[in-house]
Amino acid sequence: MVQIFETSIGGKKVSVEVGRYCEQANGSCLVRCDDTVVMVNVTMSEQPRDGIDFFPLQVDYEEKMFAVGKIPGGFKKREGRASDKAILVSRLIDRPIRPLFPKGFFHDVVVIATVLSVDPEISPEPLAMFATSVALSISDIPFLGPTGAVHVACINGKYIINPTVEEKTNSTLSLNLSGTKDAIMMVEAGANEVSDDEMIQAILFGHEEIKKQCAFIDDLQQKIGKAKKEVTFYTVPEDIQQAVFAYAKSKMEEALQETDREKRKVLQSAVEADCLEHFATIYPENMREVKDSLSNLVKDIVRYKIIHKGQRPDGRKLTEVRPIWSEVALLPRVHGSAVFTRGQTQVLTTCTLGMLSEVQKLEGLDEETANRYMHQYNFPGYSTGEAKALKAASRREIGHGALAERALEPVIPSEKEFPYAIRMVSDILSSNGSTSQASICGSTLALMDAGVPIKAPVAGCAMGLIKDSASGKVAILTDIQGLEDFLGDMDFKVAGTEKGITAIQMDIKIKGIDEQILREAITQANAGRRHILNKMLEVLPQPRTNLSKFAPQIQLFNIHPDKIREVIGSGGKTINKIIEETAVKIDIDDDGAVAIASVNGVGDVNRAKQMILDIVKIPEVGEKYTGKVVRILPKVGAFVELSQNKDGLLHISKLSNKRVENVEDVVNIGDIVEVEIIKITPKGIDLKLLQKR
């Protein structure tokens, strides 16, 4: 039976339709807001996957080009690999719902959000997140939601839910937010150096709207939701866990006292090997449960020490940042390079400058068609000591690159200030927590090393959380390392300048955080970020005043659009001749904007620019030119090249004050002469000879 329910999100009417389509999915809905339509289907496998220790959730956000009336590019003319934008939205959907599936639930769950129609003023992304929560809540899949989701903008201090394109353009904040009625689950934001309080207020404002969505979905579930399937959740038998804890606890506590990571790993491995050998004959059929008990033991010990004793695995205080060192200009032929090291986390970032024609071309459902500032992040296996072959960028790598890009974008100079396309590449050399924030720090140094006049340096710091469910006691950790991230409850990344926040990303493993924890984490991150910034600026306090000699020298100027054809010439003959003679690159836009670039210095750029200006210049009587004789008409005169596609006639009578019998008696092809324009007619330009050089 078809049923339609209506609600309001950010003052806009939203309808939820169920029962008409996709009846074999475990849960399905069609969500509409004006002309934007998103369909979400969720399915679950009948049986859990054998032998896994993670929840196999797969989320795909499908961008259908027909939704905006476009035919896909490429030979096949069909949607291919998901765009980076689609992957990032898939991650936005995934992150807040993943912690809300029951522990020990190992059935495959697949979420497919398909964008069917797009009104340019109504973004499909927050609707897809909302629709996912609806589909899961009314399905028979075990899910501890619902969640709500919004996009928050800020214009002149006023917060807006799910803004239009124009509102996004004028906003100082782009915040994607998801949560339950009680807590925040996911934060993803880019901002123009907003204050801590402004960011907190935006999150709290968005959460009020989320509460309304959750109430709506709760009501929907009561009315039409399916009964949740009875499934078996994996658990470790209590007797096995108690036996393992009794045997290994004191030994593991002693091993975990070691603060040096490598030594601790050796000691921990020895305890684990001893424990597995001991229980191999006692529980021969339950060795997986024994291993999981050991993991639970390590988690309990580490978390207890942090919460109740304030002792971190490496001996740091809760607010202490690991030792930092950096270097710049380590790669001589690269336009800008830097290594940023914090503890055992190390990243190499390079900056490459190019012409604006080298921007990243985008094909998607929104209006954006090109990306001038690009940030790419690579996480090779050797960064964690693993023997893994290189593969295409993973979703995680794309997500971390986008976070770094978002953090630095507010400080990148405009095209007018700095007419370059900018590509940053962060290669993780060593990983032990918070590599995305290290890539932001390394990128700031690489940009400054390249001479990019950024508005302010940016640093990032990752915060962690350990929350004791029994006592409610909380420990917030500055600059988390890998073990704290793995065993903790939150990964909260905050990047910004001395002035304010430029990016935030928060992932939660528990059922959300409240306002008090949010405020404490952001305040503590501010102190950590400033400490890191000071360490970075000791190496390079400001952008270099000159670009690398290997970077292209670029000049921008404008010509009248009507003159573009003259500059290009028939079949590109004129512009190709300029390029051949000066060894430069030239881009000309339809509006007459010209960019000239050369890696050989500014001299060739200036020469090519002058050639173009000579072509577009409207000659006037009395002007003097220096040109080459390119053609001779016996008894008539010589043609002199005034510019790339403009000649003038030097009549035989104007070669001298005396009578000249033959043109060749005065000038020959190839001679350089100085001439003056004496007449301009529709037929051409008449010259007189001033001197021969």
Side-chain angles (χ1 to χ4, degrees), residues 49 51-59 81-82 84 87-88 90-91 94-95 98 260-270 272-273 291-292 294-295 298-299 302 313-314 322-327 330-331 334 337-352 374-405 423-443 445-446 460 462 464 479-488 491 493 505 507 509:
R49 267 203 233 178
I52 63 171
D53 58 358
F54 63 93
F55 171 43
L57 172 66
Q58 176 69 30
V59 178
R81 180 182 179 272
D84 284 2
I87 289 171
L88 294 174
S90 297
R91 283 168 55 84
D94 181 308
R95 283 157 43 203
R98 185 175 288 272
D260 182 274
R261 185 192 185 200
E262 298 307 316
K263 292 179 181 177
R264 185 173 66 247
K265 285 169 66 176
V266 172
L267 294 173
Q268 184 179 337
S269 296
E272 290 171 350
K291 291 179 182 178
D292 289 343
L294 279 168
S295 296
V298 171
K299 184 174 182 178
V302 171
D314 58 0
R322 287 171 290 175
I324 292 170
W325 68 266
S326 306
E327 62 178 319
L330 63 154
L331 303 176
V334 175
S337 59
V339 165
F340 176 84
T341 307
R342 186 184 57 241
Q344 284 189 310
T345 292
Q346 186 177 67
V347 60
L348 164 66
T349 299
T350 57
C351 175
T352 306
M374 300 157 272
H375 196 131
Q376 292 158 355
Y377 167 105
N378 300 311
F379 192 85
Y382 60 73
S383 67
T384 54
E386 296 176 273
K388 290 167 59 177
L390 294 177
K391 296 181 180 179
S394 67
R395 289 189 171 197
R396 179 179 178 274
E397 288 171 300
I398 291 170
H400 280 6
L403 175 60
E405 186 175 299
R423 180 184 183 233
M424 310 299 296
V425 178
S426 291
D427 288 296
I428 307 307
L429 306 183
S430 178
S431 172
N432 185 14
S434 195
T435 55
S436 66
Q437 301 310 284
S439 70
I440 292 169
C441 300
S443 297
L445 291 171
D479 178 29
I480 56 173
Q481 58 181 312
L483 183 61
E484 294 166 336
D485 185 10
F486 181 69
L487 300 180
D491 183 8
K493 307 178 180 82
Q505 185 180 89
D507 293 320
K509 301 175 188 176

Donor-acceptor under 3.5 Å (R98 side chain, L57 main chain): yes
Test side-chain hydrogen bond (donor to acceptor under 3.5 Å, both in side chains) applied to S269 - qualifying residues, sequence neighbours left out: none
For the student: nearest non-hydrogen atoms of G343 and T341, plus distance: O-CG2, 3.6 Å
Flag, side chain of S337 to backbone of L330, donor-acceptor distance under 3.5 Å: yes
M424 to T349 - nearest heavy-atom pair and separation: CE-CG2, 3.7 Å
Heavy-atom pair with the smallest gap, counting every atom of D260 and K263: OD1-N, 3.0 Å
Nearest heavy-atom neighbours spanning L429 and L348: CD1-CB, 3.9 Å
K509 NZ: over 12 foreign heavy atoms closer than 6.0 Å: yes
OG on S436 to CG on D491, rounded to 0.5 Å: 7.0 Å
Minimum heavy-atom distance between P313 and V302, given as atom pair plus value: CG-CG1, 4.0 Å
Side-chain donor or acceptor of N432 paired with backbone N/O of G482 under 3.5 Å: yes
Neighbour count above 12 (heavy atom, 6.0 Å) for F55 CZ: yes
Polar side-chain atom of R342 near backbone of Q437 as donor-acceptor pair, under 3.5 Å: no
Verdict with reasoning, L483 to R264, per side-chain contact (heavy atoms from CB on, under 4.5 Å): CA-CA 11 Å; L483 183 61; R264 185 173 66 247; 4.2 Å; yes
Main-chain N/O of G433 paired to T345 side chain as donor or acceptor, under 3.5 Å: yes
From CA spacing to verdict: side-chain contact (heavy atoms from CB on, under 4.5 Å), S439, H400: CA-CA 9 Å; S439 70; H400 280 6; 5.9 Å; no
Check against side-chain contact (heavy atoms from CB on, under 4.5 Å), Q344 and E262: CA-CA 11 Å; Q344 284 189 310; E262 298 307 316; 3.6 Å; yes
Distance-only donor-acceptor hits, side chain of residues 374-381, under 3.5 Å, sequence neighbours excluded:
unit_1, atom_1, unit_2, atom_2, d
H375, ND1, Y373, OH, 3.4
H375, NE2, S426, OG, 3.0
H375, NE2, S443, OG, 3.3
Q376, OE1, R423, NE, 2.8
Q376, OE1, R423, NH2, 2.7
Y377, OH, T435, OG1, 2.6
N378, ND2, D427, OD1, 2.9

Worked check of side-chain contact (heavy atoms from CB on, under 4.5 Å) between R91 and R396: CA-CA 9 Å; R91 283 168 55 84; R396 179 179 178 274; 4.3 Å; yes
I480 CD1 to K493 NZ distance, which is reported to the nearest 0.5 Å: 7.5 Å
Non-hydrogen atoms of V334 and C351 that approach each other most closely: CG1-O, 4.0 Å
Validation row: R261, D314 side chains within 4.5 angstrom (heavy atoms): no
For D485, side-chain hydrogen bond (donor to acceptor under 3.5 Å, both in side chains) partners two or more places apart: none
Atom pair OG (S383) and CD (Q346), whose distance is rounded to the nearest 0.5 Å: 10.5 Å
R322 backbone acceptor or donor facing D479 side chain under 3.5 Å: yes
